[in-house]
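Encoded as structure tokens, the structure appears first; notes follow it.
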Protein chains: 2
Amino acid sequence: MPMSDIYSRMTERSMQEPTLLLLTALADAPRHGYSLIQEIAKISDGRVKVRTGTLYSALDRLLQQGLIRIERDEVIDGRARRTYALADAGRATLAAEADRLRAVVAEADRRLSTIRPTARGALA
Amino acid sequence: MPMSDIYSRMTERSMQEPTLLLLTALADAPRHGYSLIQEIAKISDGRVKVRTGTLYSALDRLLQQGLIRIERDEVIDGRARRTYALADAGRATLAAEADRLRAVVAEADRRLSTIRPTARGALA
DNA sequence: CTATATATATCGCTCATCGGCATATGGCGT
DNA sequence: ACGCCATATGCCGATGAGCGATATATATAG
């Protein structure tokens, strides 16, 4: 009995930033792969430059999960172009993710602003 | 020449949720490992139950990166206890992470609330 | 002719996280 | 006495999202 049979996926890991930005980029309008890379860079103020390896495997995964769907396939100027759209499930997932993150960020802010009794030179 | 020599860490990946919650849990007071697990569960409303494997390797990594430091080592009721504190660099990193996430969440909200011309049955 | 932009796709590798296990003490129930 | 749970730390193999690189192809600019 191989280990791979014992170890099976139980938890859905929390979404990472590239995926979050990908869903965000699709939230207002359908887009094709290449334009998503640019849109994600724009949203993140140039911080996140998603590689094609990340992008296309993420698109496959999200299609599989039903969070996005293929809107249409075209040929523009001799180049194939596949346009993706956010599915209802993806919209719900993104909204839930935003809520979760909002809560965590609020908690981080709250804790960061607490007066710490161990702070050096404080309580003067 | 093995592949492992070609492939070397270039980018710092964006922080994942367990790590974010770990830093958040340390933001208001120093805590020891086991209590961090409970604090993280509390912060995330029971959603994130960090495994000890995740926790202690994360603590090692964050120590290495200088984001946290060992506050003290004690023996309480015969049990070893190591208490960690958020370092200045960790405090700055957490604040920056919160800012980034706030921006992404705001953008997601903005896009989720846009009226989409392709929406079915809309514009009545 | 050669970059650069547009566009999609695949492959090997890394690392944070996961699940499980090991170890040890103290307290509580039976 | 024995098991179970909470407390507490730590290691190890497996998983999978993301990364870097590469391949392929067309159009446009220099």
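Each chain gets a letter, A, B and so on, in the order the sequences are listed, and its residues count up from 1. Owing to the predicted nature of the structure, the values given are computational and were not obtained by experimental measurement.
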Would you tell me if any nitrogen or oxygen in the side chain of [X] comes within less than 4.0 Å of OP1 or OP2 on [N]?
{"X": "B/Arg13", "N": "C/dT14", "value": "no"}
{"X": "A/Gln38", "N": "C/dT6", "value": "yes"}
{"X": "A/Tyr56", "N": "C/dA9", "value": "no"}
{"X": "A/Arg79", "N": "D/dT24", "value": "no"}
{"X": "A/Arg51", "N": "D/dG20", "value": "yes"}

Measure the distance from [atom1] on [X] to [atom2] on [N] and round it to the nearest whole Å.
{"X": "A/Leu59", "N": "D/dG18", "atom1": "CG", "atom2": "P", "result": "11 Å"}
{"X": "A/Ile37", "N": "C/dT6", "atom1": "CD1", "atom2": "C1'", "result": "10 Å"}
{"X": "B/Lys49", "N": "C/dG20", "atom1": "NZ", "atom2": "C1'", "result": "18 Å"}
{"X": "B/Leu55", "N": "C/dA16", "atom1": "CG", "atom2": "P", "result": "14 Å"}
{"X": "B/Met15", "N": "C/dC15", "atom1": "CE", "atom2": "P", "result": "17 Å"}
{"X": "A/Leu36", "N": "C/dA5", "atom1": "CG", "atom2": "C1'", "result": "17 Å"}
{"X": "B/Leu20", "N": "C/dT17", "atom1": "CG", "atom2": "C1'", "result": "15 Å"}
{"X": "B/Ile40", "N": "C/dC18", "atom1": "CD1", "atom2": "C1'", "result": "14 Å"}

Quick one: label [X] by what it contacts on the DNA or RNA (base, sugar-phosphate, nothing), any heavy atom closer than 4.0 Å.
{"X": "B/Glu74", "value": "nothing"}
{"X": "B/Thr19", "value": "sugar-phosphate"}
{"X": "A/Gly53", "value": "base"}

Check [Y] with [X], please: is the shortest side-chain N to carboxylate O separation under 4.0 Å?
{"X": "B/Glu74", "Y": "B/Arg82", "value": "no"}
{"X": "A/Arg110", "Y": "B/Asp28", "value": "no"}
{"X": "A/Arg102", "Y": "A/Glu107", "value": "no"}

Between A/Val50 and B/Thr54, which has a closest nucleotide on DNA chain D that is more 5'?
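Result of the comparison: B/Thr54.
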
Nearest of D/dG18, D/dT9, C/dT17 to any side-chain atom of B/Gln16?
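Nearest listed nucleotide: C/dT17.
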
Considering only D/dG18, C/dA9, D/dT9, which nucleotide approaches the side chain of B/His32 most closely?
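When the side chain of B/His32 is considered, D/dT9 is the closest of D/dG18, C/dA9, D/dT9.
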
On DNA chain C, does the nearest nucleotide to A/Ile76 precede the nearest nucleotide to A/Asp60 from the 5' side, or the other way round? Give the residue.
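Between the two, 5'-proximity favours A/Ile76.
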
Can any side-chain N or O of B/Thr24 pair as donor or acceptor with the backbone N or O of B/Leu20 at less than 3.5 Å?
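Yes, because the side chain of B/Thr24 sits within donor-acceptor range (under 3.5 Å) of the backbone of B/Leu20.
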
Spatial distance of atom CG (A/Leu94) from atom CG (A/Leu21) [nearest 0.5 Å]
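Atom-to-atom, A/Leu94:CG and A/Leu21:CG are 10.0 Å apart.
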
